[in-house]
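Some notes on the structure that comes next.
All of these numbers come straight from a predicted model, not from anything done at the bench.
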Amino acid sequence: MDNLPIMQVLPELIHILRSSRAAVLIAEPGAGKTTATPPAFLNEPWLEGKSILMLEPRRLAARSAAVFMSAALGESVGQTVGYRMRMDTKVSKNTRIVVVTEGVLTRMLQSDPSLGDVGLLIFDEFHERSLHADLGLALALEAQSVLREDLRILIMSATLDGDRVSDFLGGVPVVDCPGRTYPVETIYAPASGNLPLEKQASAAVRRALAEQSGDILLFLPGEREIRRTQRELELSMLPDSTVLRPLYGQLSQELQNSAVAAAVQGQRKVVLATSIAETSLTIQGVSTVIDTGLRRTQVFSPRTGMPRLETVPVSKASADQRRGRAGRTAPGVCYRLWSQEEHHRLPEDNVPEIMETDLAQLALELAVWGVRDPAALQWLDAPPAAPFAQGAALLRQLGALDARGAITPHGRSMAALGAHPRVAHMLLRALELGAAPLACRLAALLGERDPFRGPATLDCDLTLRVESLLRYEHSAADAGGVDPAALRVIQRESRNFLQQLLTVGSATATHPLSSPERHSLSSPERQSPSTLDRLSMSSPVDLSLIGLLLSFAYPDRIGQKRGEGAFVLSGGRGAAMSKGQPLERSHYIVAAAVDDKVTQGKIMLAAALEETQLLEYHADNITEAAEVYWDPESSSVKARSRTMLGSLVLKETSHNRPTPEEIEEVLLKVIAEKGLDVLPWEKGVQQLRQRMMFMHALRKDWPEMSDEALIGSLDMWLKPFLQGMRSLRDLNRVPLSRALEGMLNWNQRQMLDKEAPTHITVPSGSRVPVDYENPSAPVLAVRLQEMFGQVNTPMLGGGRIAVVLHLLSPARRPMQVTSDLASFWRSTYFEVKKDLKGRYPKHYWPDDPLQAIPTNRTRPVK
DNA sequence: CTCTCCCT
């Protein structure tokens, strides 16, 4: 241990922490930082009477670090060095170094924000930037600044940009430790053409088998790609000595072990792995790494509130970490299936978990801490607003937060359970119902991988899984299509949930468990501690409660049948299950897992819910709303009252009487949507509007009459005339002229008749209508003979606008258009006269029209 | 024939 590189920098680090409250240690993997650093501080004066807390991102790492440090001290675990993790704790009075996993640190900080006797808090593998590490650091920094000035914080990291963390912590010292890995040669080997991934990967494996010696580790994004590549390699002619070993998280322990273990003498091992082999597991004997440069990651979609899996390029940091796996014991080689140019475009680091995960749990932890706005704390990367708001909204729905966003007693119990808030809420409600053991099984089923395999997965009914689990618990044989290893994990997790629930349940049994708006329950009241003790996994199970329990966890995914296999969810989305399932006949279901499709999600897991259960247990969220609305079928305003649960219409009746105001409001909205054409624009009304437009063009204080303006002001001018109307047909009775005139004051009305008259009386005595269709150039169409004697063009707009005269023949054929009558009489008239005389010889066409007598006769004079 | 990885 003395020759580890870390030993050379520890004196400096010890020196720094004597005067600094925080430091950053950058050390490559293999430097020994995890096990050498904590004990180095045990004899520091500032740590006297205090202990060291070190955070590890994985249980395995935490346990083995504690074992290794204990062995170095010649002790067993739980003496000077111990660990704490869920369902497994080894510490004693003498323990001064405690290695903890992530959830434990959060719970410790929440139950004692001053961190009791902890003198040094170490974040190991901080570059992984897990949600809990980021949260832990934010909480610890506040604890340090408010409660514990003497608390020291050490950030340990491999590839992290140390300066950024140092700056974030206020410019604390950074210690850099050289690594102790062997050199690895990097070969960029981009695939030619657009080959499927499994072909690229298997070609690279064949190349590496030929060019290199030793075992090969191939990184692929997921299980599907691993299986396809394995098939591809099995079909190609590989040397007999080659063995293929898949490796991913869901694989059984035995198969994982056989992938990790050293190959048998004379064999060459090719391990096909997900990113599990990047940090979590070390594989013996690997000297060649092949990296496809892809990983699968979960992205939370705030739009739908659902998680979604995406295949994305790895970061440079990840790629380097993967490459490093070839140089653990000897110099190695790494093939990267991308080009050097592509490499430059890769992101430096992986996106921190806090940036793309569901933040409901984070929101709950912050509320327990007393913080509603994340900005109140310091973050390396602040939680993004949309997922945080979505999380807070869910917490309010579950009764964990009150209307002001403060934590409720129920919320505190939920946080103490340490499950996802949805699951925690379900467990606590189940406790009240006496259905805790069933809820624990559901919680485990939801948290773990589906135990069904193959075609069995097509039936999304969770009840079938529960039944299968119960058979497994009674060691009864199950039909095919079920994975016993998965059921074993689920059984273990169910028990853990029950134990956790009983601890939290009895701690809070003396005061109300749940939300303030909790309604009274018909079946068993809250459990007393003694009944809690009797609850066990062997209690009888009532399968009819599965849907109800799920509905506590997913109140936003209660589905109402609307078609074959299709459901509307209470949160507003549509979702469907694949055809032919018994569950599709249920009127109500709860969808526990829905994929993240834009229009219609696919239901992966669900259970039936009885309407009576829904009405009884979700009464708080059921609203009765009277609604006045437009019914397109009858084209009229109708009223109904609806019983709603979120977006679901549970019941609808159409009996109540809307008030006139409500009707008018809906009518106005429909007119605005459908446009003004639904109103009776008779000729005179149309002219009135055009006259008003003409006036508006001249005078700004007149109302604007465009479609847009009229629709914008319907409230003002039309509303008073809608009384008693309910349908499109009724609108034909609107006294539109009166309504339009109503927009004018008394003066304007006088002025309208004077300056934009409907008719002009011409010399013959006829009243000729003015055409205002073009409001900037009104037209007066009149027979030429009727204008004899009039010198000048008739004027409108108070003498400002000359009409456009359309002078007509006796048969009302247009002969001439002019806005200057005087000049017409002087010149053009004589040409027109010749023409007219030819065609209408018996009419009177005087040589001096200004002296002639005008006539409105259509027949020639005798 | 949907399913990266961890953790309270």
Considering residues at least two apart in sequence or located in another chain, which fulfil the side chain to side chain contact (heavy atoms under 4.5 Å, CB included) criterion with A:Asp88? A:Arg59, A:Arg63, A:Tyr83, A:Met85, A:Lys90
Heavy atom of residues 487-494 of chain A under 4.0 Å from DNA chain B: which residues? none
Using a heavy-atom cut-off of 4.0 Å across all strands, would you classify A:Glu223 as base, sugar-phosphate, or nothing? sugar-phosphate
How many Å lie between CD on A:Gln256 and P on B:dC6, as a whole number? 8 Å
Could you give the CE-to-C1' distance, from A:Met577 to B:dC1, as a whole number of Å? 18 Å
Using a cut-off of 4.0 Å on non-hydrogen atoms, how would the nucleic acid contact of A:Arg86 be classed: base, sugar-phosphate, or nothing? sugar-phosphate
What nucleotide among B:dC3, B:dT4, B:dC5 has an atom nearest to a side-chain atom of A:Asp450? B:dC3
Toward the 5' end of DNA chain B, which comes first, A:Val104 or A:Pro455, by nearest nucleotide? A:Pro455
A:Arg449 has its side chain closest, among B:dT4, B:dC3, B:dC5, to B:dC3
Using only heavy-atom distances, determine whether the side chains of A:Asn350 and A:His127 contain a donor-acceptor pair under 3.5 Å. no
Mind listing the closest non-hydrogen atom pair of A:Leu139 and A:Leu366 along with its distance? CD2-CD2, 4.4 Å
Nearest to side-chain heavy atoms of A:Arg296, which nucleotide of B:dC3, B:dC6, B:dT4: B:dT4
d(CZ, A:Arg107; P, B:dC7) in whole Å: 17 Å
Ranking A:Gln298 and A:His132 by the position along DNA chain B of their nearest nucleotide, the one closer to 5' is A:Gln298
Whole Å only: how far is the CG atom of A:Leu251 from the C1' atom of B:dC5? 15 Å
Just the rounded figure in Å: distance from P of B:dT4 to CG of A:Leu197. 13 Å
Fit a plane to each ring of A:Trp338 and A:His343, take the angle between them on a 0 to 90° scale, and name the class: parallel (under 30°), tilted (30 to 60°) or perpendicular (over 60°). parallel
Hey, does the Lys NZ or Arg CZ of A:Arg492 hover above the aromatic six-ring of A:Tyr472, less than 6.0 Å from the centre and inside 45° of the axis? no
Taking all non-hydrogen atoms of both residues, which atom of A:Lys33 and which atom of A:Ala27 are closest, and how far apart? CD-CB, 3.5 Å
So A:Arg453, base contact, sugar-phosphate only, or nothing? Heavy-atom distance under 4.0 Å. nothing
Assign A:Leu309 to base, sugar-phosphate, or nothing according to its heavy-atom contacts below 4.0 angstrom with the strands shown. base
Counting the atoms with a prime plus P, OP1 and OP2 as sugar-phosphate, which does A:Met87 contact under 4.0 Å by heavy atoms, base, sugar-phosphate, or nothing? nothing
Could you check which of B:dC7, B:dC5, B:dT2 has an atom nearest any side-chain atom of A:Ser275? B:dC5
Write down the distance between CZ (A:Arg224) and P (B:dT4), rounded to a whole number of angstrom. 7 Å
Does A:Ala553 have any side chain to side chain contact (heavy atoms under 4.5 Å, CB included) partners at least two apart in sequence or in another chain, and if so, which? A:Arg422, A:Met426
A:Thr274 side chain near B:dC5 phosphate (N/O to OP1/OP2, under 4.0 Å): yes
Write down the distance between CD (A:Glu448) and P (B:dC7), rounded to a whole number of angstrom. 11 Å
In whole Å, what is the span from the CD atom of A:Glu56 to the P atom of B:dC5? 20 Å
Could you tell me whether A:Asp134 and A:Arg129 have a side-chain N and a carboxylate O separated by less than 4.0 Å? yes
Within the 4.0 Å heavy-atom criterion, would you say A:Glu310 contacts the bases, only the backbone, or no part of the nucleic acid? nothing
